[in-house]
Asker: 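Here you go, one structure.
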Amino acid sequence: MNRDEFLVKTAGIGIDLPAEAPEKLAVYMDLLIRRNQEFNLTAITDPEEIYEKHFYDSLYPLTDPRISGTVADVGTGAGFPGVVFAIARSDLKVILIDPTAKRCRFLEEIRKELKLNNVTVVNQRAEEYVKTKREQADVVIARAVASLPVLAELCVPLVRPGGYFISMKGTKGLEEYQQTEHAFQVLGIEHSEIREYTLPSGDGRTIITAEKTRITPGKYPRNYGQIKKKPL
Ligand code: SAM
């Protein structure tokens with residue numbers, strides 16, 4: 001999808017981008033492609049694919065009006081979906097979390113270049129970050145970071161009661177969702193739902209949205225070795 005098609009499709013799903021967003025996305029793409037070799041940012045380097053698989057896909061969750069306030073993007077990598085959220089919605093306070101120092105340097109460069117005053121870059125693992133920021137985010141989102149039970153244990157402790165954990169998945173989303181019922185219960189989630197959608201080229205995607213109703217017991221998240229070895 002080229003830039004014009006991207007803008008038409010985005011409007012088609014009800015996302016109203018600010019006037020400066022198309023130019024900011026173009027600058028973001030340019031830097032992503034230019035810095036890719038040095039920082040190992042993305043496997044997708046064709047501009048038309050970036051518009052569809054990174055930008056359009058990252059914007060899609062914003063069709064949900066429950067996304068508001070402070071949004072933490074766990075495992076943001078080169079900034080997906082967090083940087084795209086920050087460009088599209090200046091009212092959001094976006095926290096980009098990633099343990100890779102190189103990627104965080106790139107994110108800082110983007111933040112300065114695009115004057116994204118609503119972005120904070122945090123060079124930490126989610127399990128470290130939670131030690132000082134427990135139950136504070138309105139929304140925690142993650143795209144392509146870990147299997148859903150593992151991801152839930154990393155992310156849900158960061159969400160305030162009454163807030164949301166959102167996971168962006170490919171076609172295996174439903175299968176993973178079905179294996180996460182117990183983890184959600186333990187972590188303080190009463191209600192969750194899955195939504196399927198397709199990118200304009202036909203690739204399938206899923207979004208799992210979980211509403212946190214109770215405080216997460218203090219023993220979670222466990223250390224990463226335990227989480228991986230014995231997912232909830
Ligand atoms: N979300 C981006 C996207 O969709 O393009 C990046 C996905 S990349 C496959 C996974 C990212 O998760 C990597 O940048 C990695 O450093 C990060 N990550 C892995 N474990 C993490 C953890 N425990 N806490 C925070 N980030 C983590």
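Any value given below was found using the heavy atoms of this structure, including those in side chains, with hydrogens, waters and symmetry copies removed. We count ligands from 1, going down the list as the structure has it; atoms in each ligand are counted the same way. Everything numeric in this text was worked out from a predicted model, so none of it was measured.
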Asker: What atoms of ligand 1 come closer than 4.0 angstrom to any heavy atom of Thr100?
Answerer: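 What qualifies from ligand 1 is 16 (O).
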Asker: Would you check the N or O atoms of Arg143, main chain and side chain alike, for any that come under 3.5 Å of an N or O of ligand 1?
Answerer: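 The answer is yes, given that Arg143 and ligand 1 share an N or O pair closer than 3.5 Å.
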Asker: Near Ala126, which atoms of ligand 1 are under 4.0 Å from a heavy atom of that residue?
Answerer: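 So the answer, numbered in order with elements, is 22 (C), 24 (N), 25 (C).
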Asker: Between Arg111 and Glu108, does at least one N-O distance fall below 4.0 Å, as a salt bridge requires?
Answerer: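 Judged by the 4.0 Å cut-off on N to carboxylate O distance, Arg111 and Glu108 do form a salt bridge.
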Asker: Going by distance only, is there an N or O of Gln124 that falls short of 3.5 Å from an N or O of ligand 1?
Answerer: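 Looking only at distances, the answer is no, because the N/O contact criterion of under 3.5 Å is not met.
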Asker: Can you sort out which atoms of ligand 1 are near Thr76, meaning under 4.0 Å from one of its heavy atoms?
Answerer: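 The atoms of ligand 1 under 4.0 Å from a heavy atom of Thr76 are 1 (N), 2 (C), 6 (C).
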Asker: What are the atoms of ligand 1, with element, lying closer than 4.0 Å to any heavy atom of Glu127?
Answerer: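 Matching atoms, with element in brackets: 22 (C), 23 (N), 24 (N).
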Asker: Would Tyr197 and Tyr56 count as a close aromatic pair, with their ring centres under 6.0 Å?
Answerer: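 Distance test on ring centres: not under 6.0 Å, no.
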Asker: Take a 6.0 Å sphere around CD of Glu193 and say whether it holds more than 12 heavy atoms from other residues, nucleotides or ligands.
Answerer: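 Buried by this count: over 12 neighbours within 6.0 Å.
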Asker: In ligand 1, which numbered atoms sit nearer than 4.0 Å to a non-hydrogen atom of Gly77?
Answerer: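 Matching atoms, with element in brackets: 6 (C), 14 (O).
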Asker: Taking atom types as modelled, find out whether Thr70 and Gln136 have a side-chain donor-acceptor pair closer than 3.5 angstrom.
Answerer: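 No, no side-chain donor-acceptor pair sits under 3.5 Å.
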Asker: Kindly confirm or rule out a cation-pi arrangement of Arg66 over Tyr164, judged by NZ or CZ under 6.0 Å from the six-membered ring centre and within 45° of its axis?
Answerer: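 Verdict for Tyr164: a cation-pi partner in Arg66.
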Asker: Nearest non-hydrogen atom to atom 21 (C) of ligand 1 belongs to which of Pro221, Gly75, Pro99?
Answerer: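 Considering heavy atoms of Pro221, Gly75, Pro99, the nearest to atom 21 (C) of ligand 1 sits in Pro99.
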Asker: Does a donor on one side chain and an acceptor on the other come within less than 3.5 Å for Thr63 and Arg195?
Answerer: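 Looking only at side-chain atoms, Arg195 and Thr63 do form a donor-acceptor pair, the distance falling under 3.5 Å.
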Asker: For atom 20 (N) of ligand 1, which protein heavy atom lies nearest, and how many Å away is it?
Answerer: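 That would be Arg125 NH2, 4.0 Å.
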Asker: Heavy-atom pairs closer than 4.0 Å: do any link ligand 1 to the side chain of Met168, the backbone, both, or neither?
Answerer: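 Answer for Met168: neither.
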Asker: At less than 4.0 angstrom from any non-hydrogen atom of Ala144, what atoms of ligand 1 do you find?
Answerer: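 Selected atoms, number and element: 7 (C), 8 (S), 9 (C), 10 (C).
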Asker: Suppose I only count heavy atoms of Arg103 and a 4.0 Å limit; which atoms of ligand 1 are within that range?
Answerer: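 Ligand 1 atoms under the 4.0 Å threshold to Arg103: 13 (C), 14 (O), 16 (O).
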Asker: Using 30° and 60° as the class boundaries, would you call the ring planes of Tyr28 and Phe55 parallel, tilted or perpendicular?
Answerer: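 Ring orientation of Tyr28 relative to Phe55: parallel.
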Asker: Do any nitrogen or oxygen atoms of Tyr224 lie less than 3.5 angstrom from nitrogen or oxygen atoms of ligand 1?
Answerer: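 N/O-N/O distance under 3.5 Å: no.
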Asker: Do Val145 and ligand 1 have an N or O pair less than 3.5 Å apart?
Answerer: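 Such a contact does not occur with ligand 1.
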Asker: Counting heavy atoms not belonging to Asn2, are there more than 12 under 6.0 Å from its CG?
Answerer: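 For Asn2, atom CG is crowded (more than 12 foreign heavy atoms under 6.0 Å).
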Asker: I'd like to check whether Asp73 has a polar contact with ligand 1, where a contact means an N/O of the residue lying under 3.5 Å from an N/O of the ligand.
Answerer: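 No.
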Asker: What protein heavy atom sits nearest atom 17 (C) of ligand 1, and how far away is it?
Answerer: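 Protein heavy atom at minimum distance: Asp98 OD2, 3.4 Å.
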Asker: Quiz question: by atom type and distance under 3.5 Å, do the side chains of His191 and Thr213 form a donor-acceptor pair?
Answerer: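 No.
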Asker: Is the closest side-chain donor-acceptor distance between Thr206 and Tyr177 under 3.5 Å?
Answerer: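 There is no such pair between these side chains.
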